[in-house]
Amino acid sequence: MAGGLHPSNKPLPWHIPTLKSVVRLIVQLSGFFGRKGDGESADKTLRHELLDIAVFVAGVRFARLLL
């Protein structure tokens, strides 16, 4: 996953984020900046990043089994 776990290095919010905010955070992992002229992120990018997150979670779960 490019960009690390929390791409903007901002503190995590203490409220429940909106779906739009969550989607933006996920697609930022692949380099989406969300500038005014960029438009909305493509669903292909979102699918790709969700797959990366799923693989990461599976890896963490497997690593926990090894400990």
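Numbering starts at 1 and runs along the sequence shown.
Residues Leu46 and Leu19 fall within the same hydrophobic cluster, defined by Ile, Leu, Val, Met, Phe, Trp and Tyr side chains chained together at heavy-atom separations under 4.5 Å. Clustering ILVMFWY residues whenever any of their side-chain heavy atoms sit less than 4.5 angstrom apart, transitively, puts Val22 in a cluster other than the one holding Leu51. Residues Leu50 and Val57 share a hydrophobic cluster, clusters being chains of Ile/Leu/Val/Met/Phe/Trp/Tyr side chains in contact below 4.5 Å. In terms of hydrophobic clustering, with Ile, Leu, Val, Met, Phe, Trp and Tyr side chains grouped at heavy-atom distances under 4.5 Å, Ile53 and Val23 are assigned to a common cluster.
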* Please step through side-chain contact (heavy atoms from CB on, under 4.5 Å) for the pair Leu65 and Arg61, ending with a clear verdict. => CA-CA 7 Å; Leu65 293 174; Arg61 288 180 177 166; over 6 Å; no
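Separation of atoms CZ (Arg24) and OG1 (Thr18) is listed at 10.0 Å; rounding is to 0.5 Å.
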